[in-house]
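First comes the structure, then the notes that go with it.
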Amino acid sequence: MTARTLQGFMELLPQEQIVFNHMKDVIAHTYELFGFAPLDTPVLELAEVLLSKSGGETEKQIYAFKKGDTDLAMRFDLTVPLAKYIALYNNELTFPFKRYQIGKVYRGERPQKGRFREFYQCDIDIIDRDELNIVYDAEVLAVIYTVFSKLELPAFKIYINNRKLLSGFLEYLGIADKTVDVLRLVDKIKKIPEEAFLAELADLGLADKARDGLLEFIKINGTNEQIIAKLEDFNIGDGLFAEGLEELKTVVAQAQNLGLPAANIQIDLSITRGLDYYTGTVYETFFDEYPQFGSVCSGGRYDNLSSVFTDKKFPGVGISIGLTRLFDQLRANNLLPIKTLTPNKALIITQDAAFTEAAVALASKLRAQNIAVDVMYRQCKFKKKMEYANKIGVPYLVIIGEEEAKTKLYSLKDMASGEQKSLDAAALADVLLG
RNA sequence: GCGGAUUUAGCUCAGUUGGUUAGAGCGCUGGUUUGUGGUACCAGAUGUCGUGAGUUCGAGUCUCAUAAUCCGCCCCA
């Protein structure tokens with residue numbers, strides 16, 4: 001029997017897991033800072049619930065199985081479970097409802113770089129009844145900006161767009177019926193050459209004029225202000241396009257109002273997002289220097305979250321950090337925000353077994369003051385104990401031997417500097433707390 | 001689902017036109033007189049060469065099959 005782990009499932013060594021958890025904690029704390037309440041839903045749901053809104057792709061990727069006569073499936077995102085949750089409990093919830101959820105989701109796809117079969121999504125969503133204020137679309141930007149800043153990651157940009165712009169533009173061109181196919185193609189514009197793009201548009205049956213217009217539209221670039229000015233120049237009139245432009249202007253203005261640097265928010269008219277439930281603002285996040293990581297945080301606004309479960313209308317806006325991908329890519333490029341390698345602040349070692357009692361007593365005293373400490377009971381050469389301390393990366397070492405046990409003055413060694421002091425329990429705690 | 005590549009020590013890899021006992025670096029274990037680590041030096045262990053078959057006097061090396069892994073496409077965090 002060979003021990004192995006399924007492909008597409010991430011398993012970490014302790015020192016990596018500590019960094020991963022640190023990132024997860026920063027994300028959760030930041031979400032709460034913005035008033036989002038925690039939510040946890042089951043990993044398993046009835047297959048019919050998860051597949052209720054799916055297109056062909058999710059059905060292909062979802063893990064589904066039968067237990068007895070019941071068709072079950074593992075959640076492939078956190079949005080569909082949220083839609084179910086809202087439909088179930090909306091009478092007991094207070095709106096606008098802000099929740100965050102951090103959990104594993106499952107997709108049975110071909111794992112490749114940055115793609116996993118089991119991965120963490122860190123979601124926030126704001127849901128309201130009937131109408132959801134557009135300022136929330138900007139607040140979502142502020143949350144993501146704050147998370148990435150706190151994680152001390154490389155320079156990043158959140159790219160935003162509004163689906164109504166492109167849909168309205170297609171409406172104007174008289175090709176609204178092709179919207180879904182065109183959106184899919186627009187999403188690929190950065191990956192394929194311009195000629196291929198135009199050729200595929202032609203395959204969709206678009207006239208030359210429409211194709212040129214579309215290309216010109218997508219290629220609009222510049223600062224956010226410049227892009228907005230150019231969009232206004234289109235002068236398409238009322239309708240979806242005007243609505244989208246108005247929303248986009250508000251989001252940009254409010255983002256500025258929330259104090260987000262212009263360098264981190266960029267309008268990009270080619271961002272469309274594949275999922276077809278988005279109806280307004282859409283987001284994708286890339287690192288400036290590492291575009292190959294892919295989007296590490298994406299989302300958008302949807303008009304009617306729970307439409308398959310209820311007739312009530314619940315518009316929402318949300319975004320999700322793909323923590324597993326983010327971590328994996330950062331690790332591969334030596335960019336992990338490493339704070340500490342062990343949960344312990346100090347390791348207590350003894351000269352020999354005779355001092356175990358003293359070590360345990362000291363450990364208890366320190367733990368009572370909320371200081372994480374570990375005691376090494378294994379007896380071996382002193383040098384080995386040092387090596388152990390060194391390898392686990394503990395910042396301080398406490399040494400208890402004959403002298404220390406007698407005087408109650410413990411030797412505290414700073415592992416980084418090598419400096420060593422004799423301190424009583426109280427003074428030692430002060431150093432470890434500081 | 002379609003296409004391409006890879007597979008040799010725990011990890012990253014080298015291994016000539018097929019030749020006898022399969023290598024390096026890192027890591028690991030031990031040591032350099034046992035209460036002081038990270039550096040250095042010394043010593044050591046570890047492989048069914050992915051698996052199965054074939055060609056050959058002889059296969060890590062050539063052929064075929066199979067599996068696993070990786071990379072594109074599709075889709076997506």
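In what follows, chains are A, B, ... by sequence order, proteins preceding strands, each numbered from 1.
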Q. So what does Gln121(A) hit on the nucleic acid, given a heavy-atom distance under 4.0 Å: a base, only sugar-phosphate, or nothing?
A. sugar-phosphate
Q | N/O (side chain, Gln351(A)) to phosphate O (OP1/OP2, U36(B)) under 4.0 Å | A | no
Q: For nucleotides G15(B) and U8(B), find the distance between their P atoms and express it as a whole number of Å.
A: 14 Å
Q | P spacing across the pair A9(B) / G23(B), given as an integer number of angstrom | A | 14 Å
Q: Would you indicate what Phe116(A) reaches in the nucleic acid, counting non-hydrogen atoms under 4.0 angstrom: base, sugar-phosphate, or nothing?
A: base
Q: Choose from G35(B), A77(B), U69(B) the nucleotide whose nearest atom is closest to any side-chain atom of Gln7(A).
A: U69(B)
Q: For Ala416(A) and for Gly401(A), locate the closest nucleotide of RNA chain B by heavy-atom distance; then report the residue assigned to the nucleotide nearer the 5' terminus.
A: Gly401(A)
Q: Could you tell me the separation between the NZ atom of Lys384(A) and the P atom of G35(B), rounded to a whole number of Å?
A: 14 Å
Q: May I ask you to decide if the ring planes of Phe156(A) and Phe287(A) are parallel, tilted or perpendicular, using 30° and 60° as cut-offs?
A: perpendicular
Q: Quote, to the nearest angstrom, the P distance that separates A43(B) from G25(B).
A: 12 Å
Q) Taking the side chain of Lys391(A) as heavy atoms from C-beta outward, which of A77(B), G35(B), U29(B) is closest to it? A) U29(B)
Q: Considering just the side-chain nitrogens and oxygens of Lys381(A), establish if one lies under 4.0 Å of OP1 or OP2 belonging to G31(B).
A: yes
Q. When we call it a touch if two heavy atoms are under 4.0 Å apart, what does Gly294(A) touch: a base, just sugar-phosphate, or nothing?
A. nothing
Q | Distance in angstrom units between Leu78(A) CG and C76(B) P, rounded | A | 17 Å
Q. For Leu185(A) and C74(B), what is the distance between atoms CG and C1' respectively, to the nearest whole Å?
A. 13 Å
(Q) Between U29(B) and G72(B), how far apart are the two P atoms, rounded to whole Å? (A) 36 Å
Q: Could you check how far CZ of Phe286(A) sits from P of A77(B), rounded to whole Å?
A: 10 Å
Q) NA contact type, Ile399(A), heavy-atom cut-off 4.0 Å: base, sugar-phosphate, or nothing? A) base
(Q) If you take the centroid of each ring, where Trp contributes its six-membered ring, are Phe314(A) and Phe95(A) closer together than 6.0 Å? (A) yes
(Q) Distance check, P atoms only: U66(B) and U56(B), in whole angstrom units. (A) 23 Å
Q: Ignoring the backbone of Ser411(A), work out which of A77(B), G35(B), G38(B) is nearest its side chain.
A: G35(B)
Q: Sort out the partner of A14(B) for me: Watson-Crick or G-U wobble, both distances under 3.5 Å, none otherwise.
A: none
Q: Rounded to the nearest angstrom, tell me the gap between atom CZ in Phe119(A) and atom C1' in C76(B).
A: 7 Å
Q. Does Arg115(A) make a side-chain donor-acceptor contact with the base of C75(B), cut-off 3.5 Å?
A. yes
**Q.** Atom C1', compared across G37(B) and U32(B): separation rounded to whole Å
**A.** 15 Å
(Q) Applying the Watson-Crick and G-U wobble criteria at under 3.5 Å, what pairs with U56(B)? Answer none if nothing qualifies. (A) none
Q) Is there a Watson-Crick or G-U wobble partner for A67(B) with both distances under 3.5 Å, and which nucleotide is it? A) U7(B)
Q: May I ask you to say what Glu404(A) touches in the nucleic acid, namely base, sugar-phosphate or nothing, with a heavy-atom cut-off under 4.0 Å?
A: base
Q: Take the protein atom NZ of Lys413(A) and the nucleotide atom C1' of U36(B), then report the distance between them rounded to whole Å.
A: 5 Å
Q: Hunt down the Watson-Crick or G-U wobble partner of G1(B), both distances under 3.5 Å, from any strand shown, or write none.
A: C73(B)
Q: Give a yes or no on whether a salt bridge exists between Lys339(A) and Glu152(A), defined as a side-chain N under 4.0 angstrom from a carboxylate O.
A: yes
Q. Does the separation of the ring centres of Phe36(A) and Tyr100(A) fall below 6.0 angstrom?
A. no
(Q) Between A24(B) and G44(B), how many Å separate the two P atoms, rounded to a whole number? (A) 11 Å
Q: Kindly determine whether Lys98(A) and Glu139(A) satisfy salt bridge (Lys or Arg N to Asp or Glu O under 4.0 Å), including the steps that lead there.
A: CA-CA 12 Å; Lys98(A) 299 173 78 170; Glu139(A) 188 184 73; 2.9 Å; yes
Q. Which part of the nucleic acid does Glu402(A) contact within heavy-atom distance under 4.0 Å: base, sugar-phosphate only, or nothing?
A. base
Q) Take atom CD in Gln379(A); do more than 12 heavy atoms of anything else shown fall under 6.0 Å from it? A) yes
(Q) What's the gap between C70(B) and C28(B) when it is taken at their P atoms, as a whole Å value? (A) 26 Å
Q | Heavy-atom check, side chain of Ile399(A) versus side chain of Phe382(A), under 4.5 Å | A | yes
Q.
Can you identify which nucleotide, out of G35(B), G37(B), C28(B), has its nearest atom closest to the Asn390(A) side chain?
A. G37(B)
(Q) Closest-nucleotide mapping onto RNA chain B: is Arg117(A) or Leu6(A) further toward the 5' terminus? I mean the 5' end. (A) Leu6(A)
Q) Any N or O donor-acceptor pair linking the side chain of Lys383(A) to the base of U36(B) at under 3.5 Å? A) no
Q.
What is the distance, to the nearest angstrom, from the CD1 atom on Ile62(A) to the C1' atom on C76(B)?
A. 14 Å
Q: Look at the rings of Tyr302(A) and Tyr278(A) and say which category their plane angle falls in: under 30° parallel, 30 to 60° tilted, over 60° perpendicular.
A: tilted
Q: For Glu11(A) and C11(B), give me the distance from atom CD to atom P, rounded to whole Å.
A: 15 Å
